[in-house]
Peer 1: 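The structure under discussion is supplied below as structure tokens; questions concerning it will follow.
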Number of protein chains: 2
Amino acid sequence: MAAPSGKTDVFQAIADPTRRQLLSMLGEREMPVTVISGHFPMSRTAVSKHLRILADAGLVKERKIGRETRYRLEPEPLLELKRWLAYYERYWDNKLLALQRFVEGDETDGTISLVASEEDGTRSAE
Amino acid sequence: MAAPSGKTDVFQAIADPTRRQLLSMLGEREMPVTVISGHFPMSRTAVSKHLRILADAGLVKERKIGRETRYRLEPEPLLELKRWLAYYERYWDNKLLALQRFVEGDETDGTISLVASEEDGTRSAE
DNA sequence: TTGACATGAAACCTTTTGGTTTCATATAAT
DNA sequence: ATTATATGAAACCAAAAGGTTTCATGTCAA
């Protein structure tokens, strides 16, 4: 499960479904490893390794209390994801996209005409 | 690079930096494989496989024109990511979070008192 | 002080990933 | 008709990922 190396990328960190579940679970409340791993079908050690990866990505913070280590969500690194995603917002209100495809459609064999996207039934010139 | 199997998860798809770069490149304009791969330090075949993964995730659409295949961005699946991320917005304007940590911070002696989760009834107050 | 918890580190194993090279096929160009 | 281009499929490979089991260490409870 990834060398315990430092600094994992946030995209990488959230790629795994188990880790996403961990995040949502730790968002609710801070929890020690044993309790956390009780919710998963894998060994405690495996969960522990996932937690390390999340920690390396800064998505989770640990805090020792007596003999147990509690983990909690640290949402800040998700902002990077948010920023990345923000770039693509421009494609959702798809005026730009429609225009772009119109232009591209032009320099081909003509088979493609500008069929607009699903939610824009208005405009399907032919 | 993943068996050419069907249906790749979008989180998985964007985990790879090369694939993220592909997305941004194909957002600009539709392009054939050879041109695309010219921008990457790896073989054309490798790029082609990345494109297949993106296509499996629905993030990219292909269209054959003569002997070439052109790829373009299909942003729609990113909405899943957006929705996922939206859940964590609540942690950024962190009133809730602050309160939660205050309560948790109270039981630093290791005795878990009242904070019992839905499913871990096992460890309730004593 | 002895024993039971909680946890991480190590070593190990199997499957997936990201990449390569070689080959086959379809279309274009001469 | 023949050759060149564009691309995907196959077979192969090394490294990373996701797990497991075993062991060591630190802390709490009797």
Side-chain angles (χ1 to χ4, degrees), chain A residues 1-22 26 30-57 60-72 108-109 111, chain B residues 1-9 11-22 26 30-57 60-72 107-112 120 122-123 126:
Chain A
M1 199 166 307
S5 64
K7 289 297 167 192
T8 312
D9 170 56
V10 68
F11 289 91
Q12 190 63 27
I14 64 163
D16 185 277
T18 298
R19 287 195 292 266
R20 288 198 297 277
Q21 210 182 319
L22 278 170
L26 295 175
E30 179 186 65
M31 287 160 81
V33 179
T34 305
V35 171
I36 298 171
S37 78
H39 298 330
F40 292 87
M42 66 195 71
S43 76
R44 184 195 40 85
T45 312
V47 171
S48 193
K49 286 206 264 181
H50 278 300
L51 286 169
R52 172 133 324 280
I53 291 171
L54 290 173
D56 281 347
V60 124
K61 269 282 272 292
E62 27 183 320
R63 160 179 162 233
K64 299 212 59 177
I65 297 192
R67 60 182 157 184
E68 68 186 22
T69 307
R70 301 204 191 155
Y71 288 84
R72 70 168 141 74
T108 62
D109 55 9
T111 9
Chain B
M1 208 160 299
S5 64
K7 289 296 167 193
T8 312
D9 169 55
F11 289 91
Q12 190 63 26
I14 64 163
D16 185 277
T18 298
R19 288 195 290 267
R20 288 198 297 277
Q21 211 182 318
L22 277 170
L26 295 174
E30 179 187 65
M31 288 161 80
V33 180
T34 306
V35 171
I36 298 170
S37 77
H39 298 337
F40 291 87
M42 66 195 72
S43 76
R44 194 209 80 239
T45 311
V47 171
S48 193
K49 285 206 267 182
H50 279 300
L51 286 169
R52 172 135 323 281
I53 290 170
L54 290 174
D56 282 347
V60 124
K61 268 282 274 290
E62 27 183 321
R63 161 179 161 234
K64 298 213 59 177
I65 297 191
R67 62 182 156 181
E68 69 185 24
T69 306
R70 302 204 190 155
Y71 288 84
R72 70 169 140 72
E107 25 121 338
T108 51
D109 62 344
T111 320
I112 298 177
D120 78 320
T122 56
R123 189 73 167 81
E126 38 234 64

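Computed over heavy atoms, backbone and side chain alike; hydrogens, waters and symmetry mates excluded. Just so it is clear, the model here is predicted, and its values are computed rather than measured. Convention: sequence-line order gives letters A, B, ...; per-chain numbering from 1.
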Peer 1: Quiz question: going by heavy-atom distance under 3.5 Å, is there a donor-acceptor pair between the base of D/dG8 and the side chain of B/K49?
Peer 2: no
Peer 1: Rounded off to whole Å, could you give me the CG-to-P distance for the A/D56 and D/dA16 pair?
Peer 2: 15 Å
Peer 1: Taking all heavy atoms of A/V10 and all of A/A57, pick out the closest pair and write down the distance.
Peer 2: CA-CB, 4.4 Å
Peer 1: Can you list the residues that meet the salt bridge (charged side-chain N to carboxylate O under 4.0 Å, His left out) rule with A/R44, with sequence neighbours excluded?
Peer 2: none
Peer 1: For a quick test of reading the model: is some side-chain N or O of A/H50 closer than 4.0 Å to OP1 or OP2 of D/dG19?
Peer 2: yes
Peer 1: Can a side chain N or O of B/Y71 be found less than 4.0 Å away from OP1 or OP2 on D/dG8?
Peer 2: yes
Peer 1: Please give me the minimum heavy-atom distance between A/E62 and A/A55, naming the atom from each residue.
Peer 2: OE2-CB, 4.2 Å
Peer 1: Nearest to the side chain of B/S43 - C/dT20, D/dT7, C/dG8?
Peer 2: C/dT20
Peer 1: At under 4.0 Å between heavy atoms, what does A/F40 touch on the DNA or RNA strands: base, sugar-phosphate, or nothing?
Peer 2: nothing
Peer 1: To the nearest Å, give me how far apart CD1 (A/I53) and P (D/dA17) are.
Peer 2: 7 Å
Peer 1: What are the two closest heavy atoms between A/L51 and A/V60, and how far apart are they?
Peer 2: O-CG1, 4.1 Å
Peer 1: Specify the separation, in whole Å, of atom CZ of A/R52 and atom P of C/dT7.
Peer 2: 13 Å
Peer 1: Using a 4.0 Å heavy-atom cut-off, write out nucleotides 22-30 of chain C from 5' to 3' as B (base contacted by protein), S (sugar-phosphate only) or - (no contact).
Peer 2: -----BSS-
Peer 1: So if I take every side-chain heavy atom of A/M42 and compare against C/dT17, C/dG8, D/dG19, which nucleotide ends up nearest?
Peer 2: D/dG19
Peer 1: D/dG8 phosphate, OP1 or OP2: any side-chain N/O from B/S48 under 4.0 angstrom?
Peer 2: yes
Peer 1: Could you state the CD-P distance from B/Q12 to C/dT15, rounded to the nearest angstrom?
Peer 2: 18 Å
Peer 1: Grab the two heavy atoms, one from B/R20 and one from B/I14, that are nearest each other, plus how far apart they are.
Peer 2: NH1-O, 2.7 Å
Peer 1: In whole Å, I'd like the distance from the CZ atom of B/R70 to the P atom of D/dT5.
Peer 2: 18 Å
Peer 1: Among all residues two or more places apart in sequence or in another chain, which pass the side chain to side chain contact (heavy atoms under 4.5 Å, CB included) test with A/Q21?
Peer 2: A/M25, A/F40
Peer 1: Quick one: do A/R63 and A/E68 make a salt bridge, cutoff under 4.0 Å?
Peer 2: no
Peer 1: Which listed nucleotide (D/dA6, D/dG19, C/dT7) is nearest to the side chain of B/E68?
Peer 2: D/dA6
Peer 1: For the pair made of CG in B/L54 and P in C/dT17, what is the distance, rounded to whole Å?
Peer 2: 14 Å
Peer 1: Identify which nucleotide among D/dG8, C/dG8, C/dG19 has an atom closest to any side-chain atom of B/A46, counting heavy atoms from C-beta outward.
Peer 2: C/dG19
